[in-house]
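Worth knowing before you read on, the calculation uses all heavy atoms, side chains too, and leaves out hydrogens, waters and symmetry mates. Letters A, B, ... are given to chains in the order of the sequence lines, protein chains preceding strands, and every chain is numbered from 1.
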Amino acid sequence: MNKYRTHKCNELRKEDVDKKISLSGWINKKRDHGNLLFIDLRDNYGITQCIIDKDNKYFSELEKMQLETVIKVEGKVVNRSKETINSEIDTGEIEVVIEKHEILGTCKELPMPVFSDQEYAEEIRLKYRFLDLRRKKIHENIILRSKVISYIRNEMTKLGFLEFQTPILTSSSPEGARDFLVPSRLNPGKFYALPQAPQQFKQLIMVSGFDRYFQIAPCFRDEDARADRSPGEFYQLDLEMSFVEQEDVFNVVEKLMVNTFKNFSTKKLMFDKFPKISYKEAMLKYGTDKPDLRNPLIVNDITEIFTREDVSFEIFKKLVKSGSKVRCIVTKNTKDKPRSFFDNIDKWAKEEGASGLAYFTFEKDKDISAKGPIGKFFSQDALAEIMKKTNCEIGDKCILEKLKIDLNLRPQNLSFETYYKLALEYEKLRS
RNA sequence: GGGGGUGUAGCUCAGUUGGUUAGAGCGAUCGCCUGUCACGCGAUAGGUCGAGGGUUCGAGUCCCUUCACUCCCGCCA
């Protein structure tokens, strides 16, 4: 029998009642009732409630024990009464009556609590990384990553790919990002680069006649961090295939990604197959080559409106006559936004080099009308036509940019400003 | 490299217009409590208010310098 445990902390069930068992783990939480003490014992797998009362000679010793002390407990599995069942944990129908215990590892006062959902600054989390990694969510994330990587390896192997390793010290390769450099001892004044991607090596593998390559490769890039982008190092699935066309590559990646998310996420997938959007279409319709299709922002071309007799917005009409386009975005449910919100966007747009924004809100009393600085230039029919073209509703706001700028409604994960900037970039690309 | 934000107890944070002794929750220590699962109740300890300088009768609070962290821009497959 194993010296430390007969079971893991997620294993015991009703069927184990009356068994003599032993568990080893960390004291996750204590609830001390004075003459009765509950100890939640935690290991990698789960939590088991252990209980001891004052008749046991170890009571006072356990009562004083710090959270996160590592102990082995021996005892008997008992049923919990109906009212005291805890459905939150796997072992919630039973508890372990402690008969004996042994301290396997003591600890000092904790610099940060393990049992807590509180957010902590990165600084403190990294300083006490071993405690951070014990916390439920982080611990689960690490386990998830392990499982995902293992799954991907397995799938790639099944698809006939061979996994390769490539050197970490190399010479610089011509990707865009700055390289991390490592001084060379044997060649003073010269440096190795850490690979941003194993480009050269995988090409070597491919020309050597290995048919399908993959590697879950560390990628080093000496670029500044962002909230969603760790500095320095991350991992990517890198793959190469011989004697294939674009569709063959798509098929592998699409299947792998969809299946990975189906297996490991509870979130609903919008697509079983990746929607395919050409670069040109994406830039025209969304103003970016990575549109957020959960909340797509459509750039509408309403140039035609400015050829109508019943539209009197002369500046735009003139420009349209000389070949300019007018595009607009619709911002949903913005009728209650204060004037200052749009003034700020307008100000920002000007700072970014635009000539300014025009906007109005669609309203309906008896007739459709447009409220806003330029609203008065449009007839009811013209407004109805814009609504039809842009698929917008009463209460939405229509933001126009003459000439050069395409705008989009802000998706959830991008600021309006960022999105606007992308639109500007798009225009640069086109001109 | 540029801009913004933050820095107060071990942790998370509050602190009014510059005004007496800088607070709370969690954690720690001590005491009480036999059915909790964020157990409960009471008490105690714990502070260079990031650091340095300045203004002021008086600075956690205002100003300057500096450091750290963080977010954004630049940069980045």
*Heavy-atom side-chain contact between A:L104 and A:Y4 under 4.5 Å*: yes
*Does B:rC30 pair with anything, Watson-Crick or G-U wobble, both distances under 3.5 Å, and if so, with which nucleotide?*
B:rG42
*Ring centre gap for A:Y151 and A:F264 strictly below 6.0 Å*: yes
*Calculate the interatomic distance between A:E223 atom CD and B:rC72 atom P; express it in whole Å.*
15 Å
*Taking atom P of B:rC39 as reference, at what distance in whole Å does atom CG of A:L36 sit?*
14 Å
_Applying a 4.0 Å non-hydrogen cut-off, can you work out what A:E88 is touching in the nucleic acid: base, sugar-phosphate, or nothing?_
nothing
*Give a yes or no answer on whether the side chain of A:R80 reaches the backbone of A:G92 with a donor-acceptor pair at less than 3.5 Å.*
yes
_On RNA chain B, compare the nucleotides closest to A:F234 and A:E83; which residue's is nearer the 5' end?_
A:E83
*Any side-chain donor-acceptor pair under 3.5 Å between A:Q118 and A:R135?*
no
*Rounded off to whole Å, could you give me the CD1-to-C1' distance for the A:I39 and B:rU36 pair?*
13 Å
*To the nearest Å, how far apart are A:N28 CG and B:rU36 P?*
19 Å
*Pick the C1' atom in B:rG54 and in B:rG58, then give their distance to the nearest Å.*
15 Å
*Among the candidates B:rC72, B:rG35, B:rC39, find the nucleotide nearest to the side-chain atoms of A:R226.*
B:rC72
*Which of these passes side-chain hydrogen bond (donor to acceptor under 3.5 Å, both in side chains) with A:E240: A:Q215, A:R212, A:K202?*
A:K202
*Looking only at side chains, do A:D132 and A:Y120 share a donor and an acceptor under 3.5 Å apart?*
no
*Quickly, which of A:K19, A:K14, A:R13 forms a side-chain hydrogen bond (donor to acceptor under 3.5 Å, both in side chains) with A:D16? Name it, please.*
A:K19
*What nucleotide among B:rC33, B:rA77, B:rG74 has an atom nearest to a side-chain atom of A:D32?*
B:rC33
_Is it the case that the ring center of A:F234 lies less than 6.0 angstrom away from the ring center of A:F220?_
no
_Measuring to OP1 and OP2 of B:rU36, would you say a side-chain N or O of A:R31 lies under 4.0 angstrom away?_
no
*Contact pattern, 5' to 3', of nucleotides 8-15 of chain B - B, S or - by protein heavy atom under 4.0 Å*: --SSS---
_Does a side-chain N or O of A:K136 approach OP1 or OP2 of B:rA38 to a distance below 4.0 Å, or not?_
no
*Can you tell me the distance, in whole Å, between the NZ atom of A:K30 and the P atom of B:rG27?*
11 Å
*Is there a stack between A:H33 and B:rC33, judged by ring centres under 5.5 Å and planes under 30°?*
no
*May I have the distance from A:E63 (atom CD) to B:rU29 (atom P), rounded to whole angstrom?*
11 Å
_First encountered from the 5' end of RNA chain B, between A:Q66 and A:S81_ = A:Q66
*Taking the P atom of each, how far is B:rA45 from B:rG2, in whole Å?*
48 Å
_By nearest atom, which of the nucleotides B:rU36, B:rU70, B:rA68 is closest to the A:T84 side chain?_
B:rU36
*Considering only the P atoms, how many Å lie between B:rU6 and B:rG46, rounded to the nearest integer?*
31 Å
*Residue that, paired with A:L194, satisfies side chain to side chain contact (heavy atoms under 4.5 Å, CB included) out of A:D222, A:V182, A:D179*: A:V182
*asked:* Tell me whether the side-chain N or O atoms of A:E95 pair up with the base of B:rG35 as donor and acceptor below 3.5 Å, since no angle test is needed here.
replied: yes
*Rounded C1' spacing from B:rG4 to B:rG74 in Å*: 15 Å
*So what's B:rC75 paired with, Watson-Crick or G-U wobble, going by both distances under 3.5 Å?*
none
*Honestly, is A:K8 close enough over A:Y45, meaning NZ or CZ under 6.0 Å from the six-membered ring centre and within 45° of the axis?*
yes
*Which base, if any, makes a Watson-Crick or G-U wobble pair with B:rG58, both distances under 3.5 Å?*
none
*Which nucleotide, in any strand shown, forms a Watson-Crick or G-U wobble pair with B:rU6, with both distances under 3.5 Å?*
B:rA68
*Could you work out which one of B:rU36, B:rC76, B:rA68 sits closest to the side chain of A:E123?*
B:rA68
*Could you work out the separation of B:rU44 and B:rC26 based on their P atoms and round it to a whole Å?*
15 Å
*B:rA24 pairs with which nucleotide, Watson-Crick or G-U wobble, both distances below 3.5 Å?*
B:rU12
_Rounded distance (Å) that lies between atom C1' of B:rC37 and atom CZ of A:R42_ = 15 Å
*What's the closest nucleotide to the A:R229 side chain, out of B:rG35, B:rC75, B:rC69?*
B:rC75
_Suppose you measure atom P in B:rC57 against the same atom in B:rG52; what distance do you get, rounded to whole Å?_
23 Å
_Does a side-chain N or O of A:K64 approach OP1 or OP2 of B:rC30 to a distance below 4.0 Å, or not?_
no
_Inter-nucleotide C1' distance (B:rC72, B:rA28), Å rounded_ = 39 Å
*Selected nucleotide, minimal atom distance to A:L67 side chain, candidates B:rA28, B:rG35, B:rG74*: B:rA28
_Complement of B:rG47, any strand, by Watson-Crick or G-U distances under 3.5 angstrom_ = none
_Whole angstroms only, please: what is the CG-P distance between A:L37 and B:rC32?_
15 Å
_Between B:rA38 and B:rC32, how far apart are the two P atoms, rounded to whole Å?_
26 Å
